[in-house]
Number of protein chains: 2
Amino acid sequence: MSAEKAPITCVVADDHPAVLEAVAEFLAQAGIEIVARARDGEEALERIEQRKPQVALVDVRMPKLGGIELARRAQRSVPETAILLYTGYGDRALLTEALDAGVRGFVLKEAPMDDLVRAVQSAAAGSTYVDPVLAGTLAASSVGNKLPQLTQRERDVLRLLADGLSNEEIGKRLFISAETVRTHVRKAMDKLDADTRTQAVARALRDRLIA
Amino acid sequence: MSAEKAPITCVVADDHPAVLEAVAEFLAQAGIEIVARARDGEEALERIEQRKPQVALVDVRMPKLGGIELARRAQRSVPETAILLYTGYGDRALLTEALDAGVRGFVLKEAPMDDLVRAVQSAAAGSTYVDPVLAGTLAASSVGNKLPQLTQRERDVLRLLADGLSNEEIGKRLFISAETVRTHVRKAMDKLDADTRTQAVARALRDRLIA
DNA sequence: ATCGGGATCCCCGATTCGGGGGACGGCCGC
DNA sequence: GCGGCCGTCCCCCGAATCGGGGATCCCGAT
């Protein structure tokens, strides 16, 4: 018994043609059956729902529908498909967000391509593959290093703060008093462990808590 | 006369193995001679200086040495090599910075791979290739929409500001007075057209003027 | 040689911020 | 039903910031 079991079925999605081709080609040569390719999130979701592959290897950043949201939806409609994220970088926010979106694995684009095969095989086998580098990040974040949870209101305020509005102006915009804005800002600063409102905004931006 | 002129020589550099393979493979099939491949900026620069290819297709973000800085150095040591940037996205900051770094072209990773060939050929022929999408951005930015140029000092100050330091603390850190810090902040605010220091930091972060 | 820009420093008055406190209603979960 | 979180609003006070001036020095470009 060697190469004669049914091949793993896989959908590949990436908005970069080069990546899409390379990945699909490589996996195919490794004996994995590429049942579909997609260039954006929506297309990927369609293909996954149509073909119900064992594995879907998707880019995180794609037009129309990002990898995370794609995973979230595919999780509901096609739970038997394991979603693997193919990402160029990994920060805690992405990691944790993807985790509870039901993602079954991470592969870094910097990693050797052989890792792709291992990841796909792991995912198909039901286990989870996480890139070693990301695993480190993950470990660090689970050892008490969880990133703060901002409320919607706090994000609203920080967002406007980042746009240069004063407390007063933000209050007018959100139909609340400047005092309340101050409260939100201070609570956000507290959560973000920031000494100044500016630092709070910078941290929120860097951690992608606000856009 | 068709396929029998000397092939264009090209170095390809990308830290993502998938991209590196795909691009090199594709260009090779298009009759372009790939004289070297590199996985990071330093390696790329070495290869370029050794092989002096007509074209070097390099990723913007690479370990050790980014594409822009690579272009800047290669421009001095090997001016006969045309540097093509292969980038996943294009914002004005990147575009303008790359332009005066001597970059000879841009290709988006989202673009069809055939564009790669055209870009390489254009670059080899001495002209400049810019991805249509980026060309749009470029046009928009040349119609008075140029993004601000911050001085090193201004970036330093904004950087520390983003870390929550006060003027006083920044001054201590940079061995200048808090008053001078204020001046830099105000000039940066001025350039960034920001109403508050917080907005200045947010804009600088978003436009990647500071990290 | 002049001119501009960058970096440095200073003063002022008005406003805002940071950090502390308290308060009230609503909603959700236990 | 009660505690806890969220969102809202208010007070005080000292410190910092804002926006507007002006000033000096040096270097590189013209």
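Below, read A as the first sequence line, B as the second, and so on, with proteins coming before strands; counting in each chain starts at 1. These numbers come from the heavy atoms of this one structure, side chains and all, not from hydrogens, waters or symmetry mates.
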Expressed in angstrom and rounded to an integer, what is the separation of [X] atom [atom1] from [N] atom [atom2]?
{"X": "H184(A)", "N": "dC5(D)", "atom1": "NE2", "atom2": "C1'", "result": "13 Å"}
{"X": "E168(A)", "N": "dC18(D)", "atom1": "CD", "atom2": "C1'", "result": "16 Å"}
{"X": "Q199(A)", "N": "dT17(D)", "atom1": "CD", "atom2": "P", "result": "13 Å"}
{"X": "E179(A)", "N": "dG20(C)", "atom1": "CD", "atom2": "C1'", "result": "13 Å"}
{"X": "R153(B)", "N": "dC25(D)", "atom1": "CZ", "atom2": "P", "result": "19 Å"}
{"X": "L165(A)", "N": "dT16(C)", "atom1": "CG", "atom2": "P", "result": "13 Å"}
{"X": "I170(B)", "N": "dA16(D)", "atom1": "CD1", "atom2": "C1'", "result": "12 Å"}
{"X": "Q152(A)", "N": "dG26(C)", "atom1": "CD", "atom2": "P", "result": "22 Å"}

>> Suppose we call a contact any N or O donor and acceptor under 3.5 Å apart; does that hold for the side chain of R182(A) and the base of dG18(C)?
In response: yes

> So what does D195(B) touch, heavy atoms closer than 4.0 Å: a base, only the sugar-phosphate, or nothing?
Replying inline: sugar-phosphate

> Can you name the closest pair of heavy atoms from V117(B) and A30(B) and give their distance?
Replying inline: CG2-CB, 3.6 Å

Check whether any side-chain N or O of [X] sits under 4.0 Å from OP1 or OP2 of [N], and answer yes or no.
{"X": "T180(A)", "N": "dC9(D)", "answer": "yes"}
{"X": "R197(A)", "N": "dC17(C)", "answer": "yes"}
{"X": "N167(A)", "N": "dC17(C)", "answer": "yes"}
{"X": "T151(A)", "N": "dG7(D)", "answer": "yes"}
{"X": "S177(B)", "N": "dC9(C)", "answer": "yes"}
{"X": "R186(B)", "N": "dC18(D)", "answer": "no"}

>> A quick test of your reading: do over 12 heavy atoms of other residues, nucleotides or ligands sit less than 6.0 Å from CZ of R206(A)?
In response: yes

>> With no hydrogens and no angle check, just 3.5 Å: does a side-chain donor-acceptor pair link R118(A) and Q121(A)?
In response: no

> Would you say the side-chain atoms of E154(A) and T151(A) include a donor-acceptor pair closer than 3.5 Å?
Replying inline: yes

> Between T183(A) and L161(A), which has a closest nucleotide on DNA chain C that is more 5'?
Replying inline: L161(A)

> Does R73(A) pair with E69(A) as a salt bridge, N-O distance under 4.0 Å?
Replying inline: yes

